[in-house]
Amino acid sequence: MLEHLNEEVTEFRSHLARWVDERLIPQAEELDRSGYFSHELFRELGELGYYGVMYPEEIGGSGLKHPYLCFTILCEELARGSMGFAAGVCMHGSTATHTIHQWGNAALKEKYLVPALRGEKIGAFAITEPNAGSDAASLRTKATPVDGGYVLNGTKMFTSNGTVADFITVCASTDLSKGLKGVDLFLVDTQSKGFSVGRKLDKFAIRSSDTAELVFEDVFVPDDHRLGDSVGGGFLNAYKSLTVDRIFTAALAVGNAQAAYDAAVKYSRERTQFGQNIGKFQAIQFRLVDMLTKLEQSRLYTYHAASLADRGLSITSEAAIAKIVAGESCNALCHEALSIFGGYGLMNEYPAQRFLRDSYFPMIGGGTGDIMRLIVARQIGF
Ligand SMILES: Cc1cc2nc3c(=O)[nH]c(=O)nc-3n(C[C@H](O)[C@H](O)[C@H](O)COP(=O)(O)OP(=O)(O)OC[C@H]3O[C@@H](n4cnc5c(N)ncnc54)[C@H](O)[C@@H]3O)c2cc1C
């Protein structure tokens, strides 16, 4: 693995893995059952400085040499404990804060980014709408220019951290007739008049992440809360941020796959049938080896994409491929893991069913497998 070449990354993982083992794993089942996004654990990670992994020291970040690889490992390790919790952290620490860091002014960074990196504020990012998912460019949320700013009207769907966020980067159009070129990013404070949570969504996967429908009804956003230099550049900026985020979604899949693999190995050593551990049956061993093969391929490719990002190289295809490889491998691996648990795999008191349920998220969040294939096909030149 790439991390063996690099002391910074190895040390980063070992500290984090201890926190995951001691703090997150013991709570993972209960968080899944209750569907609660843990503010307590979120704040703890902030106090430990993990939200600053991708950012420079001047704004309270960690100033790491391999920020993308380390954030990838953060998402992976947290997902090894709970993909639901990890998905909320991943959205906060990547796209929600990344858009302010890249395109926000100094005052916005001071008010939102700095406390967000300490875990004192929670961020979200909203592009998807009830009728604009894969076809995000068909969004209908409007930002009408008014004196001193904009007035936002519209509905956003599937927003991670939606009910708990203090601020949300919202994609909206200042001019629907301009299509993509009319789209901008706006930083909306959730205390703003006219903002409300339509509903918290109940779901069968990543239950301990918070997912919501959000309503914007005449929400005033001041001029200086529009992110980016030029009006109309928002869609391209969102696209850049979402491209990077695909690596982190792939990392969530790797972490969940690791957890499912570990659980299956452990169970194979414990469960006895026909007078011996089921792990002694070659059929089980082969299944475990196939799972490990999928896991290692996914991890290698995901780290490869993160390392390219750390070197400032293009990752359009690589991030999409990482998400396809890791997402689909994780889902297949979790099916195998569940089968090793036999009937106990269907019981809620064993974690195999949670790993399988959660494994659907990385194949959809941040763009479906079809859309990842479309992106790569375009890079090939089709
Ligand atoms: C738990 C969860 C959390 C999420 N968090 C966020 C968030 O924080 N912020 C946010 O903005 N969004 C978020 N999303 C939204 C997510 O990005 C979308 O669900 C995803 O992009 C797919 O959009 P859709 O659900 O509308 O599906 P649709 O776009 O309606 O797709 C339906 C089916 O059609 C296929 N399809 C669509 N277009 C094409 C095409 N051109 N070619 C081939 N097949 C196609 C798709 O692959 C899929 O199989 C989240 C989603 C989930 C489930």
Side-chain angles (χ1 to χ4, degrees), residues 32 35 37 75 79 82-99 122-141 152 154-173 183 185-188 190 197-216 234-235 237-246 248-250 252-253 256 319-320 323-324 327-328 330-331 354 357-378 382:
D32 179 66
F37 177 70
C75 295
S82 158
M83 199 204 281
F85 179 71
V89 166
C90 179
M91 181 48 83
H92 169 82
S94 66
T95 318
T97 44
H98 184 253
T99 43
I122 303 182
F125 175 85
I127 185 167
T128 306
E129 297 182 0
N131 295 313
S134 300
D135 182 15
S138 66
L139 62 83
R140 282 290 168 271
T141 298
L152 263 60
T155 303
K156 291 294 178 184
M157 184 52 99
F158 298 147
T159 308
S160 300
N161 299 338
T163 79
V164 295
D166 296 289
F167 62 88
I168 306 173
T169 301
V170 179
C171 286
S173 175
V183 175
L185 298 177
F186 299 89
L187 188 66
V188 176
T190 56
V197 173
R199 59 197 166 116
K200 179 175 166 157
L201 301 163
D202 191 16
K203 54 195 188 304
F204 87 95
I206 58 165
R207 287 180 47 74
S208 53
S209 76
D210 177 271
T211 313
E213 180 184 53
L214 305 177
V215 179
F216 300 82
F235 197 82
N237 288 344
Y239 187 83
K240 285 182 193 159
S241 212
L242 288 170
T243 298
V244 175
D245 189 64
R246 285 182 194 125
F248 308 139
T249 308
L252 296 178
N256 191 56
K323 202 165 106 63
I324 295 171
E328 293 175 9
C330 173
N331 184 251
R354 170 166 61 90
R357 285 190 282 110
D358 288 354
S359 74
Y360 284 90
F361 172 68
M363 296 195 293
I364 295 171
T368 66
D370 295 319
I371 299 307
M372 294 306 105
R373 285 169 172 85
L374 262 182
I375 290 167
V376 179
R378 277 196 202 119
F382 291 111

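Side-chain atoms are counted along with the backbone in the values below, which use heavy atoms only and exclude waters and symmetry mates. Both ligands and their constituent atoms are indexed starting at 1 by order of listing.
Distances from atom 21 (O) of ligand 1 to the heavy atoms of G84, A136, G367 show the closest one on G367. The option from N161, L214, I371, N131 that lies nearest to atom 39 (C) of ligand 1, judged by heavy atoms, is I371.
In terms of heavy atoms, R373 sits closest to I324 at NH2-CG2, 3.5 Å. Taking both residues in full, the closest heavy atoms of V197 and A212 are given as CG1-CB, 4.2 Å, listed atom of the first, atom of the second, then distance. The minimum heavy-atom distance linking I206 with G84 is given by the pair CB-CA, 3.6 Å. Closest of all the heavy-atom pairs between S160 and M91 is CB-CG, 4.1 Å. Closest heavy-atom contact between S209 and G88: CB-N, 4.5 Å.
Ligand 1 has a nitrogen or oxygen under 3.5 angstrom from a nitrogen or oxygen of F158. The shortest N/O to N/O separation between S160 and ligand 1 falls below 3.5 Å. When only interatomic distances are considered, the shortest N/O to N/O separation between T368 and ligand 1 falls below 3.5 Å. Residue-to-ligand polar distances place F125 within reach of ligand 1: an N/O pair is separated by less than 3.5 Å. Polar contact with ligand 1: absent for K203 (N/O pair, distance under 3.5 Å). Every N/O-N/O distance between M157 and ligand 1 stays at or above 3.5 Å. For the pair S134 and ligand 1, the shortest N or O to N or O distance falls below 3.5 Å.
Closest to atom 10 (C) of ligand 1, if we only count protein heavy atoms, is T128 OG1, 3.3 Å. When hydrogens are left out, the protein atom nearest atom 2 (C) of ligand 1 is F361 CE1, 3.5 Å; that is the closest non-hydrogen contact. The nearest protein atom to atom 24 (P) of ligand 1, hydrogens excluded, is given as G133 CA, 4.0 Å; this is a heavy-atom distance. Of the protein's non-hydrogen atoms, G366 N, 3.5 Å is the one closest to atom 17 (O) of ligand 1. Looking only at heavy atoms of the protein, atom 20 (C) of ligand 1 is closest to I364 O, 3.7 Å.
For ligand 1, the atoms closer than 4.0 angstrom to any heavy atom of M91 are 7 (C), 8 (O). With ligand atoms numbered from 1 in the order given, ligand 1 contributes 41 (N) to contacts under 4.0 Å with heavy atoms of L374. Taking every non-hydrogen atom of I206 and a distance limit under 4.0 Å, the qualifying atoms of ligand 1 come out as 1 (C). Close contacts between ligand 1 and D370 involve ligand atoms 35 (C), 43 (C), 44 (N), 46 (C), 47 (O), 49 (O) [criterion: under 4.0 Å to a heavy atom].
Atom NZ in K200 sits 14.5 Å away from atom CD in E213 (nearest 0.5 Å). Here the CG-CG distance, from L252 to D358, works out to 10.0 Å after rounding to the nearest 0.5 Å. Of the inter-residue distances, the one linking M83 atom CE with S208 atom OG reads 10.5 Å to the nearest 0.5 angstrom. Put simply, OG1 on T99 and CG on L187 are 7.5 Å apart, with the number rounded to the nearest 0.5 Å. For the atom pair OG1 (T95) and CZ (R246), the distance works out to 10.0 Å, reported to the nearest 0.5 Å.
Remark: atom 26 (O) of ligand 1 lies closer than 4.0 Å to at least one protein heavy atom. Atom 33 (C) of ligand 1 is not flagged as protein-proximal [any protein heavy atom, distance under 4.0 Å].
Counting only N and O atoms by type, the side chains of D210 and T163 include a donor and acceptor under 3.5 Å apart.
Using cut-offs of 30° and 60° on the angle between ring planes, the pair F204 and Y360 is tilted.
For D135, no heavy-atom contact with ligand 1 is shorter than 4.0 Å.
Salt-bridge formation is detected for the pair R207/D202: a Lys NZ or Arg NE/NH1/NH2 atom is positioned less than 4.0 Å from an Asp or Glu carboxylate oxygen.
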